[in-house]
Amino acid sequence: MSAQTFFITTAIDYTNAPPHIGHAYEKVLADVIARWHRERGRSVFFLTGVDQHGQKVQQSAEKAGVAPAEFARDITAKFKALWQKLGIAYDGWAETTDPRHIAAVQDVLQQLHDQGDLYKARHSGHYSVRQEQFLTDKDRNAQGEFGPEWGEVVFIEEENWYFRLSKYRPWLAEHIAAHPDFVFPSFRGNELANAVAKEAGDLCISRPKSRLGWGIELPFDRDFVTYVWFDALMNYATFAGYRATNGGQLPDFQQLWPCDAHVIGKDILIPAHGIYWPIMLKAAGVEVMPRLLVHGWWNLGGAKVSKSAGNVVDPDALADRYGADGLRYYLMRDIATGQDADFNEERLKARYNADLANDLGNLVNRTVSMARRYREGTLAGAPSDQSEDAIALQALAADAAVRFDAAMQNYQVHTALDAVWELIAAANGFVESSAPWKLAKDPALSGRLDEVLVVLVEAARLAAALVHPVMPRAADELLGQLGFAGNLANSWGAVAAGHCVGEAKPVFPRLETDVAA
RNA sequence: GGGCCCGUAGCUCAGCGGUUAGAGCAGGGGACUCAUAAUCCCUUGGUCGUGUGUUCGAAUCACACCGGGCCUACCA
């Protein structure tokens with residue numbers, strides 16, 4: 001019994017630093033999946049946003065000499081601007097400082113408190129300011145010290161509130177075992193099952209206000225704010241209308257839940273999204289669990305991207321250089337969903353030129369150009385008795401469309417794109433074998449030329465429509481030039497007699513292969 | 001320490017027990033001219049990380065080792 005709406009979310013990003021390529025990849029992936037569902041006629045709700053609370057935000061703000069709220073607002077604006085630039089078409093936007101979110105989180109916390117799932121306890125120990133966590137002896141290095149990766153380490157003793165995670169652990173283990181599709185890809189599900197079997201203890205969910213003022217106040221103990229988990233994870237439900245009191249504004253939770261895909265990185269599956277989140281839902285009384293789509297990372301030269309290593313790639317600059325859609329295409333085409341990949345700008349450029357400029361862009365360009373040159377842009381209808389090669393191309397196109405959707409259904413965007421490129425290659429081959437420029441010289445072959453042009457426009461239109469979720473703006477432009485603006489049908493047969501194509505203009509201008517020094 | 005993944009043409013990868021190991025890109029040759037010096041055809045190129053083993057037969061299975069990466073622990 002799944003809701004009618006396809007509900008997809010991304011992790012919400014921490015507003016302590018501007019977005020990098022990993023943030024962009026995750027949002028593009030979710031956007032592509034959301035767009036594909038929409039274009040196949042399904043109702044979709046795509047939720048993304050930012051996590052504005054927490055110690056790191058507070059510290060970054062202090063360092064910058066501004067209030068946490070102001071700092072978070074400025075970084076939030078950068079994320080929003082990037083999503084705008086990259087064409088991320090989200091339906092809901094989550095900000096953890098939103099009063100509606102705060103009210104719902106407090107409502108859940110109060111309930112858990114009332115039903116005895118929260119308790120207060122005193123804890124003392126070494127605390128990493130950078131990682132925002134207490135350290136144990138296992139965090140010490142070989143020399144028995146806390147290494148530099150923990151940043152400043154201080155000894156503190158304080159009371160805090162704890163959530164009875166351990167109480168629900170057996171339930172979670174059963175849920176994972178009974179639902180093989182809980183986590184995609186499956187090998188991540190195995191990792192999670194192993195982790196759940198080992199994970200013990202409860203979860204600290206608060207910080208005293210004396211130490212962290214920037215957060216959601218515990219309704220039953222005003223001296224504390226809730227720390228990260230309930231604040232950040234609950235967003236997937238609260239911004240979908242969970243426990244909403246205002247009626248309007250937020251969506252109807254019953255319509256959206258369960259979430260069909262929480263798109264997250266492999267680093268936050270365990271323990272946050274794979275353990276804490278489902279247990280929080282269960283404890284709060286939500287019975288139907290969401291599903292997790294865990295993606296891999298873009299590495300750089302085999303190494304992990306990190307600010308400290310100084311190898312951060314700026315997606316904003318890449319979008320300027322290759323276009324938002326050029327970047328989107330590369331991010332979807334050169335990685336297998338769930339796996340890691342290596343980010344390489346030379347490869348991005350090579351793919352742009354080979355796949356986008358030469359194959360797809362040029363196919364549309366030459367097609368429209370010939371239609372205009374030989375038929376003043378107006379096509380005859382498809383002939384009643386088609387030629388063999390036309391029938392063959394149509395069959396290949398239909399097969400490509402089927403394989404495209406099958407791959408998308410399993411989140412295999414790169415495989416889906418492969419299918420489209422087979423169609424594009426076949427269409428370019430059809431141009432060569434049918435040689436319209438020869439047909440145009442012989443009036444006796446006029447009917448055949450009509451057929452060839454129709455077939456080419458059909459093939460090009462279908463390719464552009466299929467590719468639309470990945471490259472929405474470029475595909476719109478291609479479709480417009482073909483005279484099919486807005487026609488995203490994933491099947492053959494759009495051309496009617498008298499169809500007019502538009503102007504031919506390169507949508508993916510070829511890039512110079514040399515890099516300017 | 002335990003567990004997992006990866007190592008196949010210059011590059012990115014597919015193949016995962018059975019004909020002479022494949023694709024795309026890059027390189028070489030040719031054709032064509034509608035097109036973004038694009039396209040199409042042909043082609044060069046590999047001891048399938050190393051070794052041993054199982055098998056009629058291994059890139060494909062097993063064991064060990066080398067190399068790269070990840071997760072997770074100081075319990076034998």
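Within every chain, numbering begins at 1; the chains are lettered A, B, ... in the order of the sequence lines, protein sequences first and strands thereafter. Computed from a prediction, not measured in an experiment: that's the story for all the values here.
Mapped onto RNA chain B by nearest heavy atom, A/F508 and A/R351 fall at different nucleotides, with A/R351 at the one closer to the 5' end.
Going from the C1' atom of B/rG27 to that of B/rG46 covers 16 Å, rounded to whole Å. Between the C1' atoms of B/rG18 and B/rG28, the separation comes to 34 Å (whole Å). Taking the C1' atoms as reference points, B/rC71 lies 43 Å from B/rU44, given to the whole Å. Distance check on atom C1': B/rU36 versus B/rG30 gives 23 Å, rounded to whole Å. Distance check on atom P: B/rA62 versus B/rU54 gives 15 Å, rounded to whole Å. Rounded to the nearest Å, the gap between the C1' atom of B/rG49 and that of B/rU8 is 10 Å. B/rC61 and B/rC16 are spaced 10 Å apart, taking the P atom of each and rounding to whole Å. To the nearest whole angstrom, the two P atoms, one in B/rC11 and one in B/rU50, are 15 Å apart.
Pair check for B/rU12 finds B/rA23; Watson-Crick or G-U wobble, both atom distances under 3.5 Å. Summarising the base pairing, B/rA62 is matched to B/rU52 through a Watson-Crick or G-U wobble pair whose two defining distances lie under 3.5 Å. Of all nucleotides present, none satisfies the Watson-Crick or G-U wobble test against B/rC34 with each distance under 3.5 Å. A 3.5 Å limit on both hydrogen-bonding distances identifies B/rU72 as the Watson-Crick or G-U partner of B/rG1.
With respect to A/R328 and A/D31, a salt bridge is recorded, a charged nitrogen being found less than 4.0 Å from a carboxylate O. For the pair A/D314 and A/R321, the salt-bridge criterion is not met [side-chain N within less than 4.0 Å of a carboxylate O]. The pair A/D202-A/K167 does not count as a salt bridge, with every side-chain nitrogen at least 4.0 angstrom from each carboxylate oxygen.
For the pair A/K349 NZ and B/rA26 C1', the computed distance is 15 Å after rounding to whole Å. What separates CG of A/N353 from P of B/rC25 is a distance of 12 Å, to the nearest Å. Atom-to-atom, CG of A/N365 to C1' of B/rA35 comes out at 5 Å; the value is rounded to the nearest Å. Atom CD1 of A/I275 is separated from atom P of B/rU72 by 10 Å (rounded to the nearest Å). Rounded to an integer number of Å, the gap from A/D418 CG to B/rG24 C1' is 8 Å. In this structure, CE of A/M370 is placed 17 Å from P of B/rC32, rounded to the nearest angstrom. Rounded to an integer number of Å, the gap from CG of A/L356 to P of B/rU39 is 12 Å. Taking atom CG of residue A/L417 and atom P of nucleotide B/rG24, one finds them 17 Å apart after rounding to whole Å.
When the side-chain nitrogen and oxygen atoms of A/R510 are compared with OP1 and OP2 of B/rA38, one or more of them lie within a distance under 4.0 Å. An OP1 or OP2 oxygen of B/rC71 is reached within less than 4.0 angstrom by no side-chain nitrogen or oxygen of A/R188.
Side-chain rings of A/W421 and A/Y329 approach one another, their centers coming within less than 6.0 Å.
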Could you walk me through whether A/W277 and A/H262 pass the side-chain hydrogen bond (donor to acceptor under 3.5 Å, both in side chains) test, one step at a time?
CA-CA 11 Å; A/W277 175 226; A/H262 282 310; 3.0 Å; yes
Item to check | From CA spacing to verdict: salt bridge (Lys or Arg N to Asp or Glu O under 4.0 Å), A/E174, A/K282 | outcome: CA-CA 13 Å; A/E174 282 176 33; A/K282 176 68 176 172; over 6 Å; no
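Nucleic acid contact for A/N344: none, since no nucleic acid atom lies under 4.0 Å from a heavy atom of the residue. Note on A/N428: only backbone sugar-phosphate atoms sit closer than 4.0 angstrom, heavy atoms only; bases stay farther off. Within 4.0 Å (heavy atoms only), A/Y374 reaches sugar-phosphate atoms of the nucleic acid but no base atom. A/N358 comes within contact range of the sugar-phosphate backbone alone, with a heavy-atom separation under 4.0 Å but no base atom that close. A/V364 comes within contact range of no nucleotide atom at all, as no heavy-atom separation falls under 4.0 Å. If you check every strand for non-hydrogen atoms under 4.0 Å, A/G361 touches a base.
Screening A/Y352, A/F343, A/Y322 for a ring pair (Phe, Tyr, Trp, His ring centres under 6.0 Å) with A/Y330, the sole residue that qualifies is A/F343.
Across B/rU12, B/rC34, B/rA38, the shortest atom-to-atom separation from the side chain of A/R347 is found for B/rU12. Looking at the side chain of A/S369, the nearest of the listed nucleotides B/rU12, B/rU36, B/rA35 is B/rA35.
Geometrically, A/R207 engages A/Y227 in a cation-pi contact defined by less than 6.0 Å to the ring centre and at most 45° from the axis.
Checked by atom type and distance alone, the side chain of A/D325 pairs as donor or acceptor with a backbone atom of A/R473 at under 3.5 Å.
The structure places CG of A/L462 at 7.5 Å from CG of A/N490, a figure rounded to the nearest 0.5 Å.
Using a 4.0 Å cut-off on heavy atoms, the residues of residues 432-468 of chain A that approach RNA chain B are A/E432, A/W437, listed by number.
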